[in-house]
Each structure stands twice: as C-alpha cells, then as structure tokens.
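Convention: sequence-line order gives letters A, B, ...; per-chain numbering from 1. In this text, all values refer to a predicted model and were calculated from it rather than measured experimentally.
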Amino acid sequence: MKPDKINEYYFHDFDTPPSGMDRRDFLRNLGGGVIIVFSLSQLSFISGMKSRNEDEFPKFNAFLRVKEDGRVDCYSGKIEMGQGINTSLAQTLAEELEIGLDKVDMIMGETDLVPHDDGTWGSMTTRFHDPLIRAAAAEARIVLIELASEALKIPVAELVAENGVVYAKADKNKKITYAELTKGQKIVRSLSEKPPLKKAAQHKIIGKSFLRTDAVKKVTGKALYSADIRLPGLLYAKIVRPPAHGAKLTSVDTSAAEAKPGVKVFKDGDFVVVLHANPEKAEEARNLVKTNWELQPSKADNETIFAHILKTATQSNTRHKGGNLETGKKESEILFSNEYLDGYKAHASIETHAATALYEKGELTIWASSQTPFGTRQELADLLKLPKEKIHVKQIFLGGGFGGKIYNRQATEAARIAKMVEGTPVQISWTRQEEFMYDMFRSAAVVKINSGITKDGIIKYWDFNTYCAGDRGTDPFYGFPNHQTVTWNGKDIHPFGTGAWRAPGNPTNTFARESHMDIMAHKIGMDPLEFRLKNLKDPRAINSLKLAAEKFGWTKAKPPKGTGRGIALGIDAGTFATIIVEVTVNEKTGEVKVNRAVVGQDMGQVINPEGAAIQAEGCVNMGLGYSLYEDIEFNWGKVISSNFNNYSLPLFSNIPPVIESYTVAAQDEPPQGGGEPAIICMGGAVANAVFEACGARVFRLPITPERILEALKKA
Amino acid sequence: MEEKIKFELNGKPVEVQLEKTEKLLWVLRTHFNLTGTKYGCGEGYCGSCTVLLNDEPVRSCGTTMEEVAGKKVVTIEGLADGDKLHPVQQAFVENDALQCGYCTPGMIMNAVGLLKRNPSPTRQEIIDGMNDNLCRCGAHTRIFKAIEMAAATMKGGK
Ligand code: FES
Ligand code: FES
C-alpha cells in the first residue's frame, strides 16, 4: 500500500484489515516439504475478518512450509521492530502444528519470499495475521497426520501429533517424525475452509511466557539492521540538505568537495549527493558543498501553531453521532467547555532511517529500515520504472519504528543513488539531525470539548471536536446519550511531514477526553473513579477500569498534598486500556516524578503474557515522554529540535520505579492489539494526577514544569 | 594525514592506517565490520555507541583514534567467551531486557563498565550510571532487573 493510502487509514482504527492488491506465485522458488497457502478471497472464514472487496485481495497470504528436515519456515510480510512478534507468531504456529518453538524459523518482510502484506502498523499483527498463521499450522498438522496414516497404515482418527512426531494413540512406539514424513515430498495445500483450532484450555504454548527468540542475536551484536549490511566496495552517501522544509536551492558549488580524493558527487536537480568509501569522509566532503537557499516565510511556530491549526483545519467529518445535542444541553445542569493542546512529537527511534542498496542489471536489492516492505517495493518500482519483481526488499531488524518507518524516504533516496552508481552498493544512514528534519511527526492538535452533566454526575451532553488528531480512540464507549464527534483537518496545514505515531492521534484524543472527565467529576466533588463507573456502559471498558483500580488500591481518600493519583482509560486496536499513576509534584519547581503506574487491559486472548507486559511497560515509559518532556521546537519549516540535547526522551531517572501490568482474563476471546493501546492513557493519567497533587490543571502536552507553575498561579 | 595506529581490539592486537582524528565508531563499523556498535546520535547524547576503552565505557562516536592508540578496546562482539555469554548479556536475555535491540549493545557495554567500577550498585547507582543511555522502546524497567541479576551472578564468582 502506498504511503498516501496509509495516511487515509492511519487515524482510523480497524476492525478489519485493509486489503492488499498483489498477486504472486510464491511457489516458484520453494523447495520440498508441506506447504500451506491461503486463497485470500475466501478469507471470510477466518474469524474476525470481513472481506472489504474481494477483487482487491491478494491471491495468497500467510503460509508456511514444513521442511524436509522437520523444521518449519513461517513466511510473514510483517517485520520485527521490537514488538516481539517473531516470538509470538512462532508461538501460535508451534501450538497448532504441534512442534517445538525452537524448530520455527521466522522469515519476515522479505518480498521475494513472503506473501504480500500491507505493513506492520495499527497493532494488526496479532489481530489479523495471527489467525491466518494458526489456521495454516492447523492445516499443516492435518496434512502431516494424513501422510503418517499412509506411512504407518493406521487410520487418521487413531493418530495424534506431538512435538514434531505423529504417534499411534494406542501404541506410542508406532510413530514417525515430521522430517521423515516430509522427506522427498512437495505437497501444496490451499486452505479454503477453517480447520478446527485448539480451544484455549488445550493450549500448551499460547498463553505461556517465552523469552524472545531473537535475544541472543541482539545481546551479541549479531542482529543486523539495515546500516549493518556490508558489501564489497560499499560507498556511504551523504545528501545535501536544505536548512528548512520548503527551502528552494538557488545555487550550489560542489567543487571543493569534488577536489577531495575518493569523493564522488552526483547532482540531479535539487538532489545533490556526496559519496565516499569512508562515511566520515563523505560527511566532511558534503559539508564542503556551498549552497544558497531561498526560505519560505514563516506562518507559525511551536507556540502559534494551535491558532494556525484552528484557522486552517476547516474540513469536518462527523464520525459519531447519537441522541440530540440540544436536548442534552437542556437536560444538563452544569456545562463545560475546554480546549486541549498537543505539540508535534518525534518517533525518535534510536535507529535512524537507513538503507543499503545495490542496483545492478536492471534490478535493485535493498535492505531498508521500513515497516512496509511491500510499500517500499511498490514505491521503488514506480521510482525506477521497473516491474515489482525486479525490486528485492530483504529481511532486516528494525531499531524501533512506532509508525515512523511506514514512510520510506530513505529507501527512495538510496535507490536513486544506487542507480546513479550502478553496480556499486551504497548506504544511506540518516544523522540524528536528518531524522528530526524528515521524521513524519505526530501531528500537533487541538481538541475542543463541550459537555454537560447533571448535579449527580450523569453526562447528558458530549460534543467532541478534534483538529488534526483523527478519530482513533473517539468511540463513545462512555455511553453518552446525546453526543457527536467531529474530526477536523485540511490541506497544507503543517510545515513538515506528519504521520502515524504509536496509536495515531489516540494519545491526544484520550488525553483530552480523560482530562475532561476528571474536570467534570471534580466540579461536583465526585471521586473520578466513581464518576467514570457511573457513566460507563461498555462492559469491557468497565472490566479494564475496575481491574486497574483494584490492583492500584484506589480509595476515595486523597493522598497527602504534593502526591496525586490519576486515571485515564481508552480504546485502541480492539483493546481497552486503563492506566492509573501516582505522581509527586514539587510545587516550587513544577517538577513531576511518576512513582507508580498500574496498567489494566482487556486485550482478549493473551499469547505471550510476558510479551504483553513488556509492551505495557514500554507504553508507560515511552508515554511518559509525550506526557512530560517531548515537544518539537520549530519555526515553520525550520525544525529546531535537532538531537537528544534539545528533544528529551525519558531517562532511567524519570521512569516509574514500579510498573504493574494486568490483563482481564479472556483467553477464549479473539486476541486484540497490545503494542499501542496502553500508550494512549499516559497523558491523561499524568495530567489528572498532577491536578490531584497540586491543583494545577494543565491543558497542554507536554506537562512541563513551566506549565504547571503557570497553572498553579491560576488555581 | 594518515598514520599507523596500534591498539588491542577484543583481545587481539590490531594495526590500522588512518587519520588519527577519525572516530572509533566508524573505524569499528567500517574498517573492522564490527557493526554491533551502533550509531544513534553521533554527538554523545544516546550511548548506543558505547564500548570499553581500557575497561571504561566511552562513547565511540566522540572518541578519536588518537585516544585509542595503545589502548584496549572491547566491543559487544568481544564480550562473550565463545558461546558462553557474559553474565550481563545472559541477564539481558533472561530478563527480556530489550525490544528492538538497537540500544542494547550500548546498554550492555555501559552496564559492564558500571559493574567493573561498582560490583554491587544500588538502584540509585544504576540510575546514575545508566542515565545517559537512551532507550526508545522503554525497556528500562527490565534493564534494571538485568543489571541487578548480573551483579548478583558476578559476585558469585563468575
Ligand atoms: S551515537 Fe554516540 S552517543 Fe549517540
Ligand atoms: S530496545 Fe529499542 S531502543 Fe532500547
């Protein structure tokens, strides 16, 4: 899927996967064994999947191969960027196939080998990819038992598979291994109906914690990321960059750079590249290039951007509507109207965008840090005017993504350069400053909420307007009787690229809604937990909130001054998440310390409980950044934040000493997302806790010491 | 101007011909193909390029070859003893103290240096020792546990 297509989707939460568009013959280059393919036009049989448009579906999707040595290759278009799916997907495969987890090899994101996939984003892997892999594995097990039945001359019904071996139920000495069964075979089975899957009670691997299968590679430095690829004759490329977005190159002089030994310079319009076999020399030479630029006039900076957004985001879209707003207003005894602000945020993966590429004989091979290998392939095919089959995107680890590596600018840069130096491999690895310049930031946004309640705390009226944050997370799960949710956007609002950032838009929407909930509760002197429970209608939301409150030990008694507790809950990727934090605020300095965070989630079936807990901890720790510290400083196209000295990520000294993660028991329910949901709650939880601690209500993220001190003056 | 620089790399003597202002990070990554040492910021802010220089953790992105000459460098690739992981590596595996794994080599090298200076650090001493190493995935919670476990194992005489 192309990035602009993704952009259409990314502020929206899916209950069905977006469809692919590709048809390929996967079987051509495969060896022997038992191979399971899917015909995706029949995918509706997989639970939770609804076909959007059958013609758009790819011919094949998830598949696996039980090889002749008894090991299994699982082919997946997803990529591993830290979320742990190369472990959790292997777990579900091993479970249904009846094979050891250590026998599963994950082949991921390599476009020549794996079936089409739209990319790893939107917490869709576990929700939509995992069911395919389960079904394929179950089908493979059926095939293997059929083969065993022929080999052992025992009816299928009397056989059972366990740990890579098929046994006679009556006599365990009568047995045959998967390796023996697949030797010399090439059996291709297309799955057209859903094979029987195990019930949760039968699971031996799903629902158990496993250590990450990629950990040893990662602790020894052997895990390869795209800038770690070394090819003979590799040249390092540095691109001449403008001082600001929108700047036009008026003159360029590359003579001093060209005079340096070993330097190659290429120019293609504005695109000026310096290459050298030594990356430091390439950078030195690039710095010798003299340029003049014409800058655009500034329309806004990080302080004035909100007024600019309200002025320019004029296209509205009503996403949810129910009851009658006028009636709601009339039935309300107290009305509220507030505005919540959020600045731009960087993805700031510690790995910057990188790509290593070789263009040779009309074909391009590329290792790119990309969350969308097939999107990359399509973009590069369009760019180089080559058929897709001539572009080979290779498997690679990603050093973090969070939505920032959905967009493949560095891959297109590498491909352009590779073509310029045909036959010589090239590498591009963005500096941190380039990363801050070309990141597709989480958008700055404004949320305006008008609401009304009765004196005993029933919400009657809810009018939610969100500018540039999309509709993700805005489902009216509180059960407002009279409500509407309108998203506002427009063209050319932002001076630079914006895009999907872990649970796109949802942290902003949830911060606004959950801050507003507390404001309404406090107004009538009601406990914020009680206020929420009084209004909530969705049972899964209630479960998530009650779980977190119980584990936190929430009481109506207020903690001593200076300490505060804050609740926020929300929905993302099918999961209901609640976070309750305890903070200490220093009223003199405005400094906030989060002491404890308790996460309670209803995420359906949990595949790797430890993996789910790690994701929850990651959401708390990363979420602390947007809540308290992170904000892109800029003056229109000029991004002033340039490195970690002027864009602060959470440090060891900032993260909560105690993080607890709990899930609602729902092993018989379909699995939901786990990588994104909890992060949406951090902003609201921290804002509410700061208020309880010191009475400062901060309406803008991040909640900096200055903003707290400012709010204290008004309190 | 290029010159000969000798140092010890992961226990073996090595010699390179290069300018002494070149940075250790790039020499490791390009000259020796030791790509476990990562670039994260290039200006000393993230710690993903951390290696040991005479047993002290340093940021290789800011360390010139002149400073390296005659000294001992240990990178993430030189930490394990064959297949036997260093106790800090082992503790990172057992505690799931990593997600994307990109900050991991720098975290581990910094933790090894920390434990050399202070074999039984308190939680606060771990925070102080690790505070300038960044992790975007938020693996901090498990990294604490891993360092505490490694300290305990190493005190047991391993
Ligand atoms: S790359 Fe050296 S400190 Fe960041
Ligand atoms: S594990 Fe990804 S940056 Fe630390």
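Taking the six-membered ring for Trp and the full ring otherwise, the centers of A:Phe652 and B:Phe144 sit less than 6.0 Å from each other.
Heavy-atom pairs under 4.5 Å with chain A peak, among B:Thr75, B:Leu25, B:Thr37, B:Asn131, at B:Asn131. Contacts with chain B were tallied for A:Thr352, A:Asp228, A:Val658, A:Asn621; A:Asp228 has the most, counting heavy-atom pairs under 4.5 Å. Across B:Cys100, B:Gly101, B:Gly138, the residue that shares the most heavy-atom pairs under 4.5 angstrom with chain A is B:Cys100. When the candidates A:Glu80, A:Glu610, A:Gln615 are compared by the number of heavy-atom contacts under 4.5 Å with chain B, A:Glu610 comes out ahead. Residue with the most contacts toward chain B among A:Phe402, A:Tyr225, A:Tyr236: A:Tyr225 (heavy-atom pairs, distance under 4.5 Å). Counting heavy-atom pairs closer than 4.5 Å to chain A, the top residue among B:Ile143, B:Thr35, B:Asn95 is B:Thr35. Contact count versus chain B (heavy atoms, under 4.5 Å) is highest, among A:Asn654, A:Ile350, A:Val620, for A:Ile350. Of the listed residues A:Gly400, A:Ala215, A:Ala223, A:Gly84, the one with more heavy-atom pairs under 4.5 angstrom with chain B than any other is A:Ala215. In terms of non-hydrogen atom pairs under 4.5 Å with chain A, the most contact-rich of B:Cys103, B:Gly36, B:Cys137 is B:Cys137. Chain A forms more heavy-atom pairs under 4.5 Å with one residue of B:Thr104, B:Asn133, B:Ile127, B:Asp96 than with any other, namely B:Asp96.
A 6.0 Å sphere centred on NZ of A:Lys260 holds no more than 12 heavy atoms belonging to other residues, nucleotides or ligands. The number of heavy-atom neighbours closer than 6.0 Å to NZ of A:Lys217, taken from other residues, nucleotides and ligands shown, is 12 or below. Applying the 6.0 Å contact sphere to NZ of A:Lys593 captures more than 12 heavy atoms from other residues, nucleotides or ligands. More than 12 heavy-atom neighbours from other residues, nucleotides or ligands sit within 6.0 angstrom of CG on A:Asp102. The 12-atom threshold is exceeded at CD of B:Glu3, counting heavy atoms of other residues, nucleotides or ligands nearer than 6.0 Å.
There is no contact between B:Gln124 and chain A, counting heavy-atom distances below 4.5 Å. Looking at A:Leu398, only its backbone comes within 4.5 Å of chain B, counting heavy atoms on both sides. For a residue to count as touching a neighbouring chain, one of its non-hydrogen atoms must lie under 4.5 Å from one of that chain's; by this rule B:Ile126 does not touch chain A. If you measure heavy-atom distances from B:Ser48 to chain A, the contacts under 4.5 Å come from the side chain alone. Both the backbone and the side chain of A:Ala348 come within contact range of chain B, with heavy atoms under 4.5 Å apart. Both the backbone and the side chain of A:Pro650 come within contact range of chain B, each with at least one heavy atom under 4.5 Å from a heavy atom of that chain. Using a 4.5 Å cut-off between heavy atoms, A:Ala346 touches chain B through its backbone atoms (N, CA, C, O) alone. Only the backbone of A:Ser349 comes within contact range of chain B, with at least one heavy atom under 4.5 Å from a heavy atom of that chain. Residue B:Ile108 touches chain A through its side chain alone, counting heavy-atom pairs closer than 4.5 Å. Heavy-atom distances place the side chain of A:Leu224, and not its backbone, under 4.5 Å from chain B. Proximity to chain A is absent for every atom of B:Leu79, based on heavy atoms less than 4.5 angstrom apart. For a residue to count as touching a neighbouring chain, one of its non-hydrogen atoms must lie under 4.5 Å from one of that chain's; by this rule A:Arg230 touches chain B with the side chain only. Heavy atoms closer than 4.5 Å to chain B are found in both the backbone and the side chain of A:Ala227.
Side-chain contact check for A:Val216 versus B:Gln89: every heavy-atom pair is 4.5 Å or farther apart. Residues B:Phe92 and A:Lys218 fail the side-chain proximity criterion, which asks for heavy atoms closer than 4.5 Å. In this structure the side chain of A:Thr220 never reaches within 4.5 angstrom of the side chain of B:Ile76, judged on heavy atoms. Residues A:Val219 and B:His86 form no side-chain contact, since every pair of their non-hydrogen atoms from C-beta on lies 4.5 Å or further apart.
When all heavy atoms of B:Trp26 and A:Pro279 are compared, the closest pair comes out as CE3-CG, 3.8 Å. Taking both residues in full, the closest heavy atoms of A:Ile614 and B:Gln99 are given as CG2-NE2, 3.3 Å, listed atom of the first, atom of the second, then distance. Scanning both residues, B:Thr141 and A:Ile659, for their nearest heavy atoms gives OG1-CD1, 3.4 Å. For the residue pair A:Phe644 and B:Cys41, the shortest heavy atom distance occurs at CD1-CB, 4.0 Å. Heavy-atom minimum distance, B:Val93 versus A:Leu211: O-CD2, 3.6 Å.
Taking the charged nitrogens against the carboxylate oxygens, B:Glu22 and A:Lys281 do have a contact shorter than 4.0 Å, which makes a salt bridge. Remark: A:Glu617 engages B:Arg142 in a salt bridge, criterion side-chain N to carboxylate O under 4.0 Å.
A salt bridge (charged side-chain N to carboxylate O under 4.0 Å, His left out) check over residues 119-129 of chain B, counting only residues at least two apart or in different chains, returns the pairs B:Arg123-B:Glu148.
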Query raised in the report: Where do A:Leu651 and B:His140 land on the side chain to side chain contact (heavy atoms under 4.5 Å, CB included) test, with the steps shown first?
Result: CA-CA 8 Å; A:Leu651 308 175; B:His140 308 76; over 6 Å; no
Query raised in the report: Can A:Arg212 and B:Leu98 be said to form a side chain to side chain contact (heavy atoms under 4.5 Å, CB included), step by step?
Result: CA-CA 9 Å; A:Arg212 310 175 64 100; B:Leu98 51 93; 3.8 Å; yes
Requested in this report: Mind running salt bridge (charged side-chain N to carboxylate O under 4.0 Å, His left out) on B:Arg136 and A:Glu630 for me, showing each step along the way?
Outcome: CA-CA 12 Å; B:Arg136 186 49 153 173; A:Glu630 297 174 35; 2.7 Å; yes
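A distance of 11.5 Å separates SG of B:Cys46 from CG of A:Asn645, quoted to the nearest 0.5 Å.
When only modelled atom types and interatomic distance are considered, B:Tyr45 and A:Asn643 share no side-chain donor-acceptor pair under 3.5 Å. Side chains of A:Asn278 and B:Thr30: no donor on one and acceptor on the other come within 3.5 Å.
Residues of residues 428-437 of chain A having a heavy atom under 4.5 Å from any heavy atom of chain B, listed by number: A:Trp430, A:Thr431, A:Arg432.
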